[in-house]
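Submitted below is the structure of interest, expressed as structure tokens.
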Amino acid sequence: SVTLEHGSKRLGKRTDPMMGVWRNYGLGQFIHWGLYAIPGGHWDGKYYSGAAEWIRSWNEMPKNAYDELYKVFDPKAYDPKAWAKQAKDMGAKYMIITTKHHDGFCLWPSQYTDYSVAKSPYNKDIIGPMVEAYDAEGIDVYLYFSVMDWNHPGYRSKLETKEDEEAYEGFKEFTRNQLLELLAFYPSTKGLWFDGTWDQAWIQQAAFADELEEEMRSVIPGLIIGSRFRADENGKRHFDTNGDLMGDYEQGWERKMPNRIEDVNGNDWDCVMTVPENQWGYHSDWKGHVKSSVELIEMMVKAASLDGNFVINFGPDGQGNIRPEESLIAKEVGEWMESNAEAVYDCGYLDWEKQDWGYYTRNRKTGNVNLVVFNYPASGKLRVKVPKGIKIQGIDLIGTNGGTIDLEEIHRDEYFLGLPKGTDHTKPVVLVMKIVEGDAEVQGVYEKAK
Ligand SMILES: C[C@@H]1N[C@@H](C(=O)NCc2ccccc2)[C@H](O)[C@@H]1O
């Protein structure tokens, strides 16, 4: 490996308590909200098929028309307490809010630009009340910040001239000022979720970004920052020139998931996921595949089974309403979590052979093994191979089902678990195994605790 001034600062996972809390979240909520929610994927009667929060980049929308939208930002329906309650009922343990997306509009009254809520008819801080409401529900808040800023005169995607370099110095100072301002205004934030850091200009700022990351970490000790913030001196992002992870967790899983434990390289990671195929900001007319709550529950459990967190995106409309499709998702995910959350919260990878019927997760606090069944076997029996010497002490069927499982040892260390007749398998079924290392014989099965 090569010596790097501005590469990864740590080998292996963070081991401090704040990262331990992050590792056990299981489920988060992303909120993309901003001026783009006003046009909601349409302009002048035309339909924008791109991601709604990118509508400013659409040729059919004049840039100055977009840049005037702040003059009509006045979300009468904005109710952060209701949003936080809904997120709580869904079972989200953390929330990531877009303080500033690529368009540069700030949802907080920044001292460093006029392009903020302070200059809109709404003329109040959006972020502060949201942080308070989510904190009050016990949901940790993370601040999304886009380095790319289409509004700032000093922003450049690449540095080609002396003028570019001078302008960009001003942009770098502005970026630092805004980040320090966010940490000062909202000190209860647990971390920053950076985006818009792929530009050539930015990945040439290894020293500046390294120093800024250190400075932010000194302002809020334990602050959690992912791999998407900065590049090393060779322009390498996410993983430095030696292949070591930048930041505290891998942030590359945007609208995609790892499939095997090898794909996560022993790192913490989160997957951020849209409900439609690719809409983060509000689009009034979703087209194509819209994920069901069962699909999202499967992704959430799959993430937990591979030592990651799963974050479901919400895009409130221009008035601050949560759209009906997302409210339904929140309700249905929450209903499932109500009786099955122990298979997700505090859970991670279990090195048992992957089975076709679904996923294993290991609860780090209880040591229990969870079997989360998505692909219900035609036989009604789950095949479970346990590692040599592991004996199943007892199994409990949790969730909405309950009931007795018919346990049959078919070979040494291999069992058929017969699910109770009439098990409702239109929803994922969860079995919890209490494992006793060593030769304890199978202690039989016990009814779900009523
Ligand atoms: C979390 C999402 N990231 C923003 C985005 O621009 N993604 C497109 C993209 C995804 C991966 C590499 C480069 C660019 C989207 O607008 C959302 O904010």
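Note that ligands are numbered from 1 as they come in the structure, with each ligand's atoms numbered from 1 the same way.
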N-O pairing of R228 and D195 below 4.0 Å:
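A salt bridge is present here (some side-chain N lies under 4.0 Å from a carboxylate O).
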
Show the short N or O contacts, below 3.5 Å, that ligand 1 makes with protein N or O atoms; if there are none, say 'none'.
{"unit_1": "ligand 1", "atom_1": "3 (N)", "unit_2": "D195", "atom_2": "OD2", "d": "2.7"}
{"unit_1": "ligand 1", "atom_1": "3 (N)", "unit_2": "E254", "atom_2": "OE1", "d": "3.2"}
{"unit_1": "ligand 1", "atom_1": "3 (N)", "unit_2": "E254", "atom_2": "OE2", "d": "3.2"}
{"unit_1": "ligand 1", "atom_1": "6 (O)", "unit_2": "W54", "atom_2": "NE1", "d": "3.0"}
{"unit_1": "ligand 1", "atom_1": "6 (O)", "unit_2": "H102", "atom_2": "NE2", "d": "2.9"}
{"unit_1": "ligand 1", "atom_1": "7 (N)", "unit_2": "E254", "atom_2": "OE2", "d": "2.9"}
{"unit_1": "ligand 1", "atom_1": "16 (O)", "unit_2": "E53", "atom_2": "OE2", "d": "2.7"}
{"unit_1": "ligand 1", "atom_1": "16 (O)", "unit_2": "W54", "atom_2": "NE1", "d": "3.2"}
{"unit_1": "ligand 1", "atom_1": "16 (O)", "unit_2": "H101", "atom_2": "NE2", "d": "3.2"}
{"unit_1": "ligand 1", "atom_1": "18 (O)", "unit_2": "H32", "atom_2": "NE2", "d": "2.7"}
{"unit_1": "ligand 1", "atom_1": "18 (O)", "unit_2": "H101", "atom_2": "NE2", "d": "2.7"}
{"unit_1": "ligand 1", "atom_1": "18 (O)", "unit_2": "Y144", "atom_2": "OH", "d": "3.4"}
{"unit_1": "ligand 1", "atom_1": "18 (O)", "unit_2": "D195", "atom_2": "OD2", "d": "3.3"}

One thing to verify: whether K9 and D240 come together as a salt bridge, which I'm taking to mean a side-chain N less than 4.0 angstrom from a carboxylate O.
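No, no charged N to carboxylate O under 4.0 Å.
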
When you measure from the centre of the six-membered ring of Y122, is the NZ or CZ of K124 under 6.0 Å away and within 45° of the axis?
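Yes, a cation-pi geometry.
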
Hey, does the Lys NZ or Arg CZ of K287 hover above the aromatic six-ring of Y47, less than 6.0 Å from the centre and inside 45° of the axis?
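Here K287 passes the 6.0 Å and 45° test against Y47.
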
Tell me whether R56 is salt-bridged to D103, with the criterion being a basic N under 4.0 Å from an acidic carboxylate O.
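No.
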
Has R323 got its NZ or CZ under 6.0 Å from the middle of the six-membered ring of W286, at an angle within 45 degrees of the ring axis?
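Here R323 passes the 6.0 Å and 45° test against W286.
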
